[in-house]
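In what follows, a structure is listed as structure tokens, so that the remarks can point back to it.
The structure presented is a predicted model; accordingly, all values stated were derived computationally and were not measured. Index from 1, following the sequence.
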Amino acid sequence: MTQQQAHGSVRPGGRTARTRAAVLEAARERLGAGQYAELTVEGLAARAGVHPSTIRRRWGSVHGVVLDLFDHVAGEIRIPDTGSLHEDLRLLAEGIVTLYTSAQHRNTLFRMVAAATAHPEGERTVRDFFAARTRQVSGMVRHAAARGEIPAGTDVLAVVEAVSAPIYYRLLVSRQPLEPGVARRTAAAAYHAARAGAFA
């Protein structure tokens, strides 16, 4: 079972899909209002128009709902597998940049990271999400190592972090704009470092 299925979305349509959409939108609204600490299963259920037991059965907790929300948002970023690591990293970086040109997605990220600094559950959610997402994306780096494109023993997670961290730094720390060249530069830097054995 995938992580997303574990959070309760196992059918592409019907009542399950409508319930998931309503619950995730309720979570997004509360996060947008900066109210992570006030999130409860009962509050989300009331806002989404479902019974609290539905949320507990499908997501387990507020933590599960917010992780699923992040999974849903991040799912808009395609994980490439072109046969070229340089191209894969560029497409990945462009996907991240494109995702956060949406003010709604940026706001969700900002609120979640803000919650992580003030709320233990928020911190766990952010940590778990980024760890899971990095593992999902790392497959393309493993494929590159198998092709001999980068040295054997390369730390695949470190390569993914190298291409994504500069983008999140601009988003969350320096608050600089994400112009198109950012994706190209970060992808090239991560690729050439991997090729040179910096992550081996």
Exercise for review: May I have the step-by-step check of side-chain contact (heavy atoms from CB on, under 4.5 Å) for Asp128 and His63, ending in yes or no?
Suggested key: CA-CA 10 Å; Asp128 289 354; His63 174 71; 3.2 Å; yes
Review point. Is Arg184 reaching over with its side chain to a backbone N or O of Arg90, donor-acceptor style, under 3.5 angstrom?
Key: no
**Study point:** Derivation and outcome, side-chain contact (heavy atoms from CB on, under 4.5 Å), residues Ser164 and Arg133
**Key:** CA-CA 11 Å; Ser164 58; Arg133 185 63 178 171; over 6 Å; no
Review point. Taking 4.0 angstrom as the limit, do Glu42 and Arg47 come out as a salt bridge?
Key: no
Point to revise | Heavy-atom closest contact (Gly197 atom, Pro151 atom, distance) | key: CA-CG, 3.9 Å
**Study point:** Heavy-atom pair of closest approach, residues Val163 and Ala187
**Key:** CG2-CA, 3.7 Å
Point to revise | Residue pair Glu76 / Ser102, side-chain heavy-atom distance below 4.5 Å | key: no
**Study point:** Where Pro166 and Glu161 come nearest, the two heavy atoms and their spacing
**Key:** CD-O, 4.2 Å
**Study point:** Any donor-acceptor pair under 3.5 Å from Thr186 side chain to Ala183 backbone
**Key:** yes
Study note, to complete from the structure: So CZ of Arg111 and CZ of Arg28: to nearest 0.5 Å the spacing works out to 14.0 Å
Exercise for review: Answer with yes or no after comparing the ring centroid distance for Tyr191 and His86 against a 6.0 Å cut-off, counting only values under it.
Suggested key: yes
Revision key, fill the gap. All heavy atoms of Asp88 vs all of Pro80, minimum pair found to be O-CG, 3.2 Å
Check your understanding: If you round to the nearest 0.5 Å, how far is CD1 of Ile77 from CG of Leu99?
Key -> 4.5 Å
Exercise for review: Compare all side-chain heavy atoms of Thr16 with those of Arg20 and state whether any distance is below 4.5 angstrom.
Suggested key: no
**Study point:** Intermediate values then yes/no, side-chain contact (heavy atoms from CB on, under 4.5 Å), Glu87 and Met140
**Key:** CA-CA 11 Å; Glu87 183 69 1; Met140 66 185 190; over 6 Å; no
**Study point:** Pair Glu179-Arg185, salt bridge (Lys or Arg N to Asp or Glu O under 4.0 Å): steps then yes or no
**Key:** CA-CA 11 Å; Glu179 72 271 8; Arg185 290 194 302 270; 3.2 Å; yes
**Study point:** Among Thr154, Ile150, Val159, Val156, the one residue meeting side chain to side chain contact (heavy atoms under 4.5 Å, CB included) with Arg142
**Key:** Val156
Revision key, fill the gap. Looking only at heavy atoms, the pair that brings Val62 and Thr40 closest together is CG2-C, 3.6 Å
Review point. In Å, rounded to the nearest 0.5 Å, how long is the span from CG of Leu44 to CH2 of Trp59?
Key: 9.5 Å
Check your understanding: Does Leu85 belong to the same Ile/Leu/Val/Met/Phe/Trp/Tyr cluster as Phe199, with side-chain heavy atoms less than 4.5 Å apart forming each link?
Key -> yes
Review point. Is the NZ or CZ atom of Arg175 positioned over Tyr169's six-membered ring, under 6.0 angstrom from the centre and within 45° of the axis?
Key: no
Review point. Taking the six-membered ring where the residue is Trp, are the ring centres of Phe130 and Tyr168 under 6.0 Å apart?
Key: yes
Review point. Honestly curious: do Leu91 and Val160 fall in one hydrophobic cluster under the side-chain, below-4.5 Å linking rule?
Key: no
Point to revise | Nearest-0.5 Å distance, CG of residue Leu67 to CG of residue Leu69 | key: 9.5 Å
Exercise for review: Given side-chain contact (heavy atoms from CB on, under 4.5 Å), test Val97 with Glu94 step by step and report yes or no.
Suggested key: CA-CA 5 Å; Val97 168; Glu94 287 180 352; 5.6 Å; no
